[in-house]
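In this text the structure is predicted, and so the values were computed from the model without any measurement.
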Amino acid sequence: MKIGLFMSTILLLLVPRAAVSATYYIDFASGSDSNAGTSKEAPWKRAPGMNGFAGHYAHSPGDRLIFKGGVTWDATIAKWSISESGDSGDPDYYGADKGWFAGNSWTKPIFDGGNMNPVASHPYFLITGSYVTLDNLQVQNIGVPGVNQGNYAIEFLNDHDITAQNLTLPVLSRIALYYAGADGQTHNNLTFKDNDISASVWGIGVGTARSNTVLNNVNISNNRIHDFHLQMVTKSHTDGIIVYTNKDPGQSISGRIYNNQFYGDFSADDASGSAVTAFIFIDDMLAGTFYVYNNVGTYSKAGTGAGISAFIEVFGRGSPPAAEAYVYNNTMVGDEHTIVYFIARGYRTVVLQNNIFVGARSGAYIGDATTISGL
């Protein structure tokens, strides 16, 4: 019996154990990378993956990295590269604890690019891991007002099961949130929700640039996208939300865009007369199905430019057409500068129902879908 018990104990010790996730705390104002980082009393200064991080970190899926509210991280941390991945049902978390903050009340942790010109880091944040959640962070001043530098604030590359939520992004950059599927594989479950985005050229961009890349279950919802005026320069291709392929074989994107709000000043900030291409632009689709519903747009004009070219544009490239678009219950309120219409070309099916336009220059146009209904 004793020998059997001894052998059982030895076997248990030899069985690999799953790593246990942990919570780490980061405070740029008073932390130190020489700390353990596992308590609010002894936080790190920087997070793993940030430029200059000098702490010891052994990643486990499901780790939580908590940034102190009311504290600002400056541009010296860029580029911040996150390559680790969580697990299904246990994502890695980069966010905040509203009970831990500097000052009299909680505000979001701020990551400030310091108005870089030229851009020192492209993008400012780069996430290549999967099962990752970004939550309750603020990213700002990645570029400078009035300069279209081609820079990104936050880029997700070749990953899956990612969530960007409750972010505040007055970014002064080319793109605020960008997902690029570029490896010829299938990527599922991409979620962008409840974010506040301003001072950008693209608010949210989701696309693929290589053959046989499939993006499934893309969900873009409840975002507030507003006041792009400061970055609308040099005839920028401005879009609130853009989902696209580049027409290579085997590309497909499917998902939903719903309950988003577009408002504020979208006029050009220079003499180029830049206009918004579309508040919602589904571009060059070869295959896949998108539902676009319950979105609301309005517009004000302080500068120059032609206004809004399209509230919602769906543009397909399939031959034969394979993509489908279902567009319903969307509302656009314009003014004398606004031109509002749907464009639907190269789609197998387009359904439009219960969409409302209010404004002096509102209209609708439908192109060559195989099946068009709901008019």
Side-chain angles (χ1 to χ4, degrees), residues 83 85 122-123 126-132 150 152 154-164 174-175 177-192 201-220 236-258 277-293 309-310 312-327 342-352 365-373:
S83 58
S85 297
H122 175 87
L126 177 64
I127 297 91
T128 56
S130 298
Y131 299 109
V132 172
Y152 311 159
I154 301 174
E155 180 179 10
F156 300 87
L157 182 63
N158 294 342
D159 40 27
H160 59 86
D161 291 273
I162 59 95
T163 299
R174 175 70 180 85
I175 308 175
L177 288 168
Y178 183 43
Y179 180 90
D183 62 359
Q185 298 182 14
T186 296
H187 307 279
N188 297 322
N189 307 324
L190 315 176
T191 301
F192 304 87
V201 179
W202 286 5
I204 299 173
V206 177
T208 174
R210 284 187 56 187
S211 301
N212 302 312
T213 300
V214 177
L215 310 182
N216 286 326
N217 198 29
V218 177
N219 286 284
I220 304 173
S236 57
H237 188 299
T238 301
D239 298 288
I241 296 169
I242 179 169
V243 178
Y244 70 93
T245 73
N246 72 344
K247 300 168 283 185
D248 283 348
Q251 295 175 333
S252 175
I253 307 180
S254 295
R256 300 184 299 162
I257 299 173
Y258 61 99
T277 303
F279 278 155
I280 299 172
F281 192 6
I282 304 175
D283 187 28
D284 284 341
M285 294 291 286
L286 293 179
T289 300
F290 251 93
Y291 296 87
V292 182
Y293 58 93
S309 294
I312 299 171
E313 179 171 343
V314 291
F315 193 92
R317 295 284 189 175
S319 182
E324 297 184 346
Y326 299 84
V327 182
F342 293 113
I343 302 174
R345 299 173 182 163
Y347 275 70
R348 179 172 59 197
T349 302
V350 175
V351 176
L352 305 179
Y365 170 77
I366 304 296
D368 56 345
T370 302
T371 302
I372 301 172
S373 64

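The two residues F290 and M285 have their closest heavy-atom pair at CD1-CE, 4.2 Å. Shortest non-hydrogen contact noted between I253 and G207 is CD1-CA, 4.2 Å.
No hydrogens or angles considered: a donor-acceptor pair under 3.5 Å links the side chains of N246 and Q251. A donor-acceptor contact closer than 3.5 angstrom is absent between the side chains of N217 and N188.
Once rounded to the nearest 0.5 Å, the distance linking CG of L286 with OH of Y244 reads 13.5 Å. In this structure, CG in L215 is found 6.0 Å from CG in L190, a value given to the nearest 0.5 Å. With rounding to the nearest 0.5 angstrom, the OG1 atom of T245 is 11.5 Å from the CD1 atom of I282.
Considering only residues two or more places apart in sequence or on other chains, Y131 meets the side-chain hydrogen bond (donor to acceptor under 3.5 Å, both in side chains) condition with none of them. Annotation: salt bridge (charged side-chain N to carboxylate O under 4.0 Å, His left out) contacts of D159 (sequence neighbours excluded): none. Under the ring pair (Phe, Tyr, Trp, His ring centres under 6.0 Å) criterion, Y179 pairs with no residue, sequence neighbours left out. Evaluation of the side-chain hydrogen bond (donor to acceptor under 3.5 Å, both in side chains) rule for N158 yields no partner, not counting sequence neighbours. Checked against ring pair (Phe, Tyr, Trp, His ring centres under 6.0 Å), Y291 has the following partners two or more places apart in sequence or in another chain: Y326. By the side-chain contact (heavy atoms from CB on, under 4.5 Å) test, A164 pairs with F156, L167, L177, F192, sequence neighbours left out.
Ring geometry, Y258 versus Y293: the interplanar angle falls under 30°, so the pair is classed parallel (tilted spans 30 to 60°).
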| What's the verdict on side-chain contact (heavy atoms from CB on, under 4.5 Å) for I312 and V292, showing C-alpha distance, side-chain angles and the deciding distance? | CA-CA 9 Å; I312 299 171; V292 182; 4.0 Å; yes

| message | Let's go through Y178 and I154 carefully: what are the C-alpha distance in whole Å and the side-chain angles of both, what is the deciding distance for side-chain contact (heavy atoms from CB on, under 4.5 Å) to 0.1 Å, and is it a yes or a no? | response | CA-CA 6 Å; Y178 183 43; I154 301 174; over 6 Å; no

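D183 places a side-chain N or O within donor-acceptor distance of the main-chain N or O of Q185, the cut-off being under 3.5 Å. For T191 (side chain) and T163 (main-chain N/O), no donor-acceptor pair under 3.5 Å exists by modelled atom type. The backbone N or O of G129 lies less than 3.5 Å from no partner atom in the side chain of S85, so there is not a single donor-acceptor pair.
Looking at heavy atoms from C-beta onward, T238 lies out of side-chain contact with T277 at the 4.5 angstrom threshold.
Partner of N189 under the side chain to side chain donor-acceptor pair (under 3.5 Å) criterion, out of N216, D161, N219: D161 alone.
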